[in-house]
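Here the structure is a predicted model, which means the values were calculated and not measured. For the numbers below, each heavy atom of this structure counts, side chains included, while hydrogens, waters and symmetry mates do not. The first residue of the sequence shown is numbered 1, and numbering continues consecutively from there.
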Amino acid sequence: MVLTRNQAEVTPKGYLEKREYNSFMVLDTKSFLYSEEKQSFGYSIEILNLIRVACMANKMCLDFKSSFFIDIDIYHKAINSVMNNKSFSDSELEIYFETDQKKEEFLTFSRSLADLENEFYLPYEIDYILLGIDMAAYNNLNEDKKGELSDNYGDIACDMRLKKMEISDFILKAKKLIDDIKQ
């Protein structure tokens, strides 16, 4: 089957969406004789995707020097069991569900971080004061000047946060913005 760039695709979850040309993979399932084989194969792909996400989570934790780790070995065994329609032993089930708990622990933690995103940033006005403009002078700026300052400051602040700009260079540029806006 050939897919074009603008073709709509139905995801395994049933949602219709447009996808980028290389954002998905097409697998030929004609060789499956029974629908159960095809279904098992699809579940194996779901497990592979989970392994991919767990590896990303593990890398993130490693980068933060955390000892947290999701052991994915049981998922490799799960692929084999699903493809061969074999159940897990009790000990394998225990490892599987312990890993499921570990996965949930990571999800709970990551959701709490997402909830903190807005709390992690301070209003630019705080930075402006620390860079040398007093609140009265800032409040006397017209809305256009405030907007211009915010836009220009936001650009360089983003570069600094993403380490695309040295902090010392950022401070010089930010102070120049403040000095220029005060005139």
Side-chain angles (χ1 to χ4, degrees), residues 1-124 126-127 154-155 157-167 170:
M1 173 190 316
V2 177
L3 298 175
T4 63
R5 179 176 293 276
N6 295 322
Q7 187 170 7
E9 178 72 14
V10 177
T11 67
K13 307 253 185 300
Y15 299 106
L16 188 64
E17 62 182 56
K18 274 194 173 176
R19 294 188 170 195
E20 288 297 316
Y21 181 68
N22 290 324
S23 71
F24 57 93
M25 185 181 301
V26 177
L27 301 171
D28 185 5
T29 59
K30 286 184 225 166
S31 64
F32 293 113
L33 301 176
Y34 304 103
S35 63
E36 292 84 12
E37 287 178 323
K38 190 178 195 179
Q39 192 173 17
S40 295
F41 187 74
Y43 289 142
S44 296
I45 299 297
E46 293 284 342
I47 297 168
L48 278 173
N49 191 50
L50 173 73
I51 290 169
R52 179 189 64 81
V53 172
C55 287
M56 288 177 11
N58 286 340
K59 183 186 179 327
M60 184 178 77
C61 292
L62 184 65
D63 289 349
F64 282 118
K65 310 227 182 318
S66 169
S67 62
F68 185 87
F69 183 78
I70 300 171
D71 188 351
I72 58 172
D73 291 344
I74 196 67
Y75 292 121
H76 292 283
K77 289 181 182 179
I79 290 172
N80 187 46
S81 290
V82 167
M83 288 300 295
N84 292 305
N85 203 26
K86 303 266 185 202
S87 60
F88 268 178
S89 68
D90 285 351
S91 62
E92 288 171 322
L93 283 171
E94 192 167 319
I95 294 168
Y96 178 81
F97 289 115
E98 284 172 356
T99 305
D100 207 39
Q101 288 177 336
K102 202 71 161 156
K103 196 177 59 178
E104 191 61 34
E105 186 180 335
F106 178 80
L107 285 173
T108 301
F109 171 73
S110 65
R111 283 185 201 120
S112 70
L113 285 179
D115 290 343
L116 290 177
E117 182 179 1
N118 290 332
E119 307 300 322
F120 235 52
Y121 292 105
L122 294 171
Y124 286 161
I126 294 170
D127 294 0
D155 290 342
C158 184
D159 285 346
M160 181 272 300
R161 284 190 186 114
L162 296 175
K163 298 181 180 180
K164 294 179 181 177
M165 179 187 298
E166 295 292 323
I167 292 174
F170 165 74

To the nearest 0.5 angstrom, please state how far the [atom1] atom of [X] sits from the [atom2] atom of [Y].
X      : Y      : atom1 : atom2 : result
Phe106 : Arg111 : CZ    : CZ    : 10.5 Å
Asn49  : Tyr75  : CG    : OH    : 12.0 Å
Asn85  : Glu37  : CG    : CD    : 10.0 Å
Ile79  : Ile51  : CD1   : CD1   : 4.0 Å
Ser81  : Met83  : OG    : CE    : 11.5 Å
Lys59  : Phe64  : NZ    : CZ    : 10.0 Å

Task: Sidechain N-carboxylate O distance under 4.0 Å for Asp73, Lys77 - done: no
May I ask you to check whether over 12 heavy atoms, not counting those of [X], lie within 6.0 Å of atom [atom1]?
X     : atom1 : value
Phe88 : CZ    : yes
Asp63 : CG    : yes
Phe69 : CZ    : yes

Contacts table for residues 93-105: side-chain donor-acceptor under 3.5 angstrom, sequence neighbours left out:
unit_1	atom_1	unit_2	atom_2	d
Thr99	OG1	Ile95	O	2.8
Asp100	OD1	Lys103	NZ	2.7

Task: For the student: nearest non-hydrogen atoms of Arg161 and Asp127, plus distance - done: NH2-OD2, 4.4 Å
